[in-house]
Amino acid sequence: MMEKNYQFDLIEEKWQKHWEENNIFKSCENADLPKYYTLEMFPYPSGNLHMGHVRNYAIGDVVARFKKMRGFNILHPMGFDSFGLPAENAAIKHGVPPAEWTYANIENMKKQLKTMGISYDWDREVATCKPDYYKFTQWMFLKLYENDLAYKKSAAVNWCPSCQTVLANEQVVDGACERCETVVEKKKLSQWFFKITDYAQRLLDNLEVLPGWPEKVKTMQRNWIGRSEGCEFDLAIEGREEKMTVFTTRPDTVFGVTYMVLSPEHPLVDVISAGTEHEAAVKEFVHRMQFISDVTRTSTDTEKEGVFTGAYAINPMNNEKIPIWIANYVLMDYGTGAIMAVPAHDERDFDFARKYNIPIRVVIKGEDSPAEGDQMKEAYTGPGKMVNSGDYDGLAYEDGKKKITAYMESIGIGKGTINFRLRDWLISRQRYWGAPIPIIYCDDCGPLPVPEKDLPVLLPENVAFKPSGESPLTYVQSFYETVCPCCGKPARRETDTMDTFVCSSWYFARYCDPHNTELPFAKDKTDYWMAVDQYIGGVEHAILHLMYARFFTMFLHDIKMLSVEEPFTNLLTQGMVLKDGSKMSKTKGNVVSPEEIIKTYGADTARLFILFAAPPERDLEWSDQGVEGSYRFLNRVWRIVTECMEMIQDVNLPETFAELDPEARELRYRTHAAIKKVTEDIEERFNFNTAISAIMELSNSINSYRNQEELDLPVLKEAIEAMLLLLSPFSPHITEELWQYCGHQDSVYSQSWPKWDESALVKDEVEIALQVLGKVRDRVMVPSEISNEELEKIALANERVQEFSQGKQVVKLIVVPGKLVNVVVK
RNA sequence: GCCAGAGUGUCGGAAUUGGCAGACGAGCGCGACUCAAAAUCGUGUGCCGUGAGGCGUGUGGGUUCGAGUCCCACCUCUGGCACCA
């Protein structure tokens, strides 16, 4: 029975149930149809959806439903990134086991997600904390290990004292923990790494073949990978056996070296300063540097300082004696931890040399650059010709780079190298709630991978949480006690777990074959579905998740598990949801709860508003009044359809619409203009806000048309049905209900997307603006087929035009057909 | 400091290829309905001016018949990078 009023709560519940019971959104491979894989970044199950989620999933659902109606075979799954620290914190705080807390949150969030009415195939749901999933996260580790891409090493790593675990470089932002903003410390520990640096060049190069990614994200990844090309070479140290090795991108400036710098942590520092009069000062400096955090030390604001070590290196190009210093601005973990300093052509070296009165020698002369170091106000880093460089004088600096590198190579002291800023990915975490690293330590056989058949290495339950620097699993004897898979003697399991970013680096492939118990996924399934055609999520993952996932995909491609090399063909990074100009947060007290909004206005209104308020990439300002507006619009749609229903229900649409009266023609024009506009806005630009405004315009047109006395019912029906179909990806429940009222049996979701009729877009008459000197003075209606000559005549004869060109001479006439005539006078 | 992106009514935002700035929505004003209110419907709404008209897309200049859009300089905001040799 038809309800008189728009009762969103009844309608939404009814259709959600209907969709679920009829498996409307279930997807399977179908070779006859082109596939389309839409994916939104899966959430961490914190327990409640926030507006950012709603925005993310509303965008994804428009894409999925639109593509479905456009004839694609859709994969649109959802799941949970369910390992991670909050579960452990909750366990400590509330005494609930992490697993219990997590599963309860998943249930609640799933319930909330279902009230949004998104077209997910829930049969494909994954949760990374379930053994059937993390079994294959461990499988990934084993494959990386087999291929020498997982290794353990002792290194100074980032330690978050609050989270009580180590972090990857990517998870340290401005020297602080990405999660809790605590300043991280350096700790020397033995940890597991993935050799992502082996893929540095490919991660960089492939960005070129990702035209569907925002330039912003690609730039961030390029910066992070930080490739630089240069030359590494050895220098003898006066009176010693040892050599020092430096990396430089400017071998062309090697004749301008006036001092060398070692990082304070460099192993040679102690050796070369020992026994010199400078030893005490060096020791003091090194000691002092230990207590300065990396953030401070690597900030551009920090003043450069250093001390002379007492030792000298020999410049291999001219045998000059060069003093070796140590300084705060040279870092141990980039390049070789040592540099050649050329103050004339490097800003940092210049500042340092000025401070300590070290000579500045010009070796590159640009067009207007100073020739003498003393005259310089700043370092000259531009192009130029080599000077003061012996046989190399007169060479262009680029040629100099090549020639000097080649020379060093020929005498066996150096070689051309490429340095990356990217570090290997530290994946061990001293935490309980993660996938255990599948490694066994045997006193006799060493560290060994857990045999594939023994996966998964199950996480034990009932674990005590003691705040210490060690994994809680180190206290669980039943977990760590095992036998060596090689010799059968008692052995010990690795007690660290994996970074949760490992779990999310391959989930998109698991969705293609989520119930496979033998393999993470079967190749024929991923061959059909991968890559993800449209990936949608927050820009905060620009480096972290998006780079790790690319790395995994390349690796899986290399071991022939995946055909694709890149996981995400198109990427949309959505903006944040703001309230009163800032991000919604509990501390600011400006949080709007999606649950409340859906309860008060319904999911259709919530979705519509969030898509209407701003284009998807931009930040969105939440507005309660804006929500009211969207709600009013849906009510208007409801009234239009229910009030016209009886008239149009039994009307058949003709093949062609001939002989229409002007009003009906106008409505048809507007209907088809709306179809065109909405289609192009979604398809080409993801401009959902303007697509919605076009639907609103159509509804306004229908509304005024239906108040007339004589109605052309087929035209009215066509307009109303087009409006419902166009609106259905945005607000699926109300359109489903009204679609049925119009006499249809099938779901709107399974309808074909409407096509516009070009002939309906042809107008008899168009409005032309008449300008004098670029200012609009009048507007006239003219036949659309009018010739330029005719238009010119009309313009010149126009009263208003004459008024404004009186006493002046017409110099020129500009005609833009269908738009305007501009009369140029003098 | 460097590199992106942005700056348009009271507000969110539109203008797709250099061609009528302000679509759509919100807010506000007026009117209808109502005992009244809400809802709804209709209508108006960039600024100045009684009016004719003038002005108007961060600022200043330029190109053009015509500039929110192109060029130059500058200001502000947002994001990213920032001793990476």
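Letters A, B, ... mirror the listed sequences (proteins, then strands); counts begin at 1.
Residue A:Asp346 is out of contact with every strand shown, counting any heavy-atom pair closer than 4.0 Å. Residue-level contact check: A:Arg800 touches the backbone only, with heavy atoms under 4.0 Å from sugar-phosphate atoms and none from bases. Here A:Gly629 lies in heavy-atom contact (under 4.0 Å) with sugar-phosphate atoms only. When heavy atoms are screened at a 4.0 angstrom cut-off, A:Ser623 is found touching no nucleic acid atom at all. A:Val330 comes within contact range of at least one nucleobase, with a heavy-atom separation under 4.0 Å. Contacts of A:Glu680 with the nucleic acid, taken as non-hydrogen atoms under 4.0 Å apart, are absent. Using a 4.0 Å heavy-atom distance criterion, A:Tyr631 is classed as making no nucleic acid contact. Counting non-hydrogen atoms under 4.0 angstrom, A:Glu347 reaches nothing in the nucleic acid. A:Lys677 comes within contact range of at least one nucleobase, with a heavy-atom separation under 4.0 Å. Counting any heavy atom pair closer than 4.0 Å across all strands shown, A:Thr219 reaches no nucleic acid atom.
The separation of B:C71 from B:U64, taken at their P atoms, amounts to 16 Å, rounded to a whole angstrom. As rounded to the nearest Å, B:A73 and B:A4 have P atoms that lie 13 Å from one another. B:A85 and B:G5: their C1' atoms are spaced 30 Å apart (whole Å). To the nearest whole angstrom, the two C1' atoms, one in B:U8 and one in B:G58, are 10 Å apart. Annotation: B:G46 and B:G9 have their C1' atoms spaced 5 Å apart (nearest Å). For the P atom pair drawn from B:C28 and B:U34, the interatomic distance equals 24 Å after rounding to whole Å. On the P atoms, B:A15 is 14 Å away from B:C24, given to the nearest whole Å. Comparing the C1' positions of B:G56 and B:G68 gives an interatomic distance of 11 Å, to the nearest angstrom.
Ring geometry for A:Trp325 against A:Tyr356 counts as tilted: the plane angle lies between 30° and 60°, on a 0 to 90° scale. Ring geometry for A:Phe352 versus A:Tyr329: interplanar angle of 30 to 60°, hence tilted.
Computed from coordinates, the A:Gln771 CD to B:G66 C1' distance equals 6 Å when rounded to whole Å. Summarising the geometry, the separation between CE on A:Met696 and C1' on B:A26 is reported as 10 Å, rounded to the nearest angstrom. The distance from atom CE of A:Met340 to atom P of B:C83 is 20 Å, rounded to the nearest whole Å. Note: CZ (A:Arg636) to C1' (B:A26) measures 12 Å, nearest angstrom. Distance CD (A:Gln625) to P (B:C28): 7 Å, rounded to an integer number of Å.
For A:Asn635, no side-chain nitrogen or oxygen approaches OP1 or OP2 of B:A39 to under 4.0 Å. Distances shorter than 4.0 Å separate some side-chain N or O of A:Arg632 from OP1 or OP2 on B:G27. When the side-chain nitrogen and oxygen atoms of A:Arg639 are compared with OP1 and OP2 of B:C41, one or more of them lie within a distance under 4.0 Å. Dashed line: the shortest gap from a side-chain N or O of A:Arg777 to OP1 or OP2 of B:A52 is not under 4.0 Å. Between A:Arg421 and B:C83 there is no side-chain polar atom (N or O) within less than 4.0 angstrom of OP1 or OP2. For B:A23, neither phosphate oxygen OP1 nor OP2 lies less than 4.0 angstrom from any side-chain nitrogen or oxygen of A:Asn700. Contact between the side-chain N/O atoms of A:Ser630 and the OP1/OP2 oxygens of B:G25 is not found at any separation under 4.0 Å.
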Using salt bridge (Lys or Arg N to Asp or Glu O under 4.0 Å), reason through A:Lys218 and A:Glu208 one step at a time and then give a plain yes or no.
CA-CA 9 Å; A:Lys218 289 193 278 187; A:Glu208 305 304 323; over 6 Å; no
Just do the side chain to side chain contact (heavy atoms under 4.5 Å, CB included) check on A:Cys231 and A:Phe247 with the steps written out, would you?
CA-CA 6 Å; A:Cys231 163; A:Phe247 172 73; over 6 Å; no
What do the steps show when you test A:Glu305 against A:Arg288 for salt bridge (Lys or Arg N to Asp or Glu O under 4.0 Å), and what is the final call?
CA-CA 12 Å; A:Glu305 54 173 332; A:Arg288 196 152 54 81; 3.1 Å; yes
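Under the Watson-Crick or G-U wobble criterion, with both distances below 3.5 Å, B:C11 is paired with B:G25. If you check B:A6 for Watson-Crick or wobble pairing at under 3.5 angstrom, you find it paired to B:U76. Under the Watson-Crick and G-U wobble criteria, each requiring two contacts below 3.5 Å, nucleotide B:C55 is paired to B:G46. Summarising the base pairing, B:C35 is matched to no nucleotide, lacking a Watson-Crick or G-U wobble pair whose two defining distances lie under 3.5 Å. Across all strands shown, B:C81 is found opposite B:G1 as a Watson-Crick or G-U wobble partner, with both distances under 3.5 Å. Pairing partner, B:C65: B:G19, with both Watson-Crick or wobble hydrogen-bond distances short of 3.5 Å.
With B:A14, B:G19, B:G25 as the choices, the nucleotide that has an atom nearest any side-chain atom of A:Arg618 turns out to be B:A14. Comparing B:G53, B:A23, B:G80 by their closest approach to the side chain of A:Asn223 singles out B:G80. When the nucleotides B:U16, B:G80, B:G25 are ranked by their closest atom to the side chain of A:Phe612, B:G25 comes out on top. Nearest nucleotide to the A:Arg685 side chain, out of B:G25, B:C81, B:U16: B:U16. Closest to the A:Ile339 side chain, of the nucleotides B:G13, B:A85, B:U16, is B:A85. Distance from the side chain of A:Val816 is smallest for B:G19 among the nucleotides B:G12, B:G53, B:G19. Here B:C55 is the nucleotide among B:C55, B:G12, B:C81 with the atom lying nearest to any side-chain atom of A:Lys775. Side chain of A:Pro615, nearest nucleotide from B:G13, B:G12, B:A85: B:G13. Residue A:Ser693 places its side chain closer to B:C24 than to any other of B:G19, B:U16, B:C24. Proximity note for A:Asn687 (side chain, C-beta onward) versus B:C83, B:A15, B:G12: the nearest is B:A15.
A salt bridge is defined here as a Lys NZ or Arg NE, NH1 or NH2 lying under 4.0 Å from an Asp or Glu carboxylate O, and A:Glu378 with A:Arg354 fails to meet this definition. A salt bridge is absent between A:Glu398 and A:Lys401: the closest approach of a Lys/Arg side-chain nitrogen to an acidic carboxylate oxygen does not fall below 4.0 angstrom. The existence of a salt bridge linking A:Glu643 and A:Arg706 is confirmed by a sub-4.0 Å separation between a basic side-chain nitrogen and an acidic carboxylate oxygen.
In this structure a side-chain-to-backbone donor-acceptor pair under 3.5 Å is missing from A:Asp681 to A:Phe688.
Residue whose closest nucleotide on RNA chain B sits further toward the 5' end, between A:Thr248 and A:Val776: A:Val776. For the pair A:Glu215 and A:Thr302, nearest-nucleotide mapping onto RNA chain B gives the more 5' position to A:Glu215.
The base of B:C65 sits within donor-acceptor range of the side chain of A:Asn822, with an N or O pair under 3.5 Å. Between the side chain of A:Lys812 and the base of B:C65 there is no donor-acceptor pair of N/O atoms closer than 3.5 Å.
Cation-pi contact between A:Lys763 and A:Tyr669: present, with separation from the ring centre below 6.0 Å and deviation from the ring axis of at most 45°.
With its glycosidic angle within 90° of 0, B:G9 is assigned syn.
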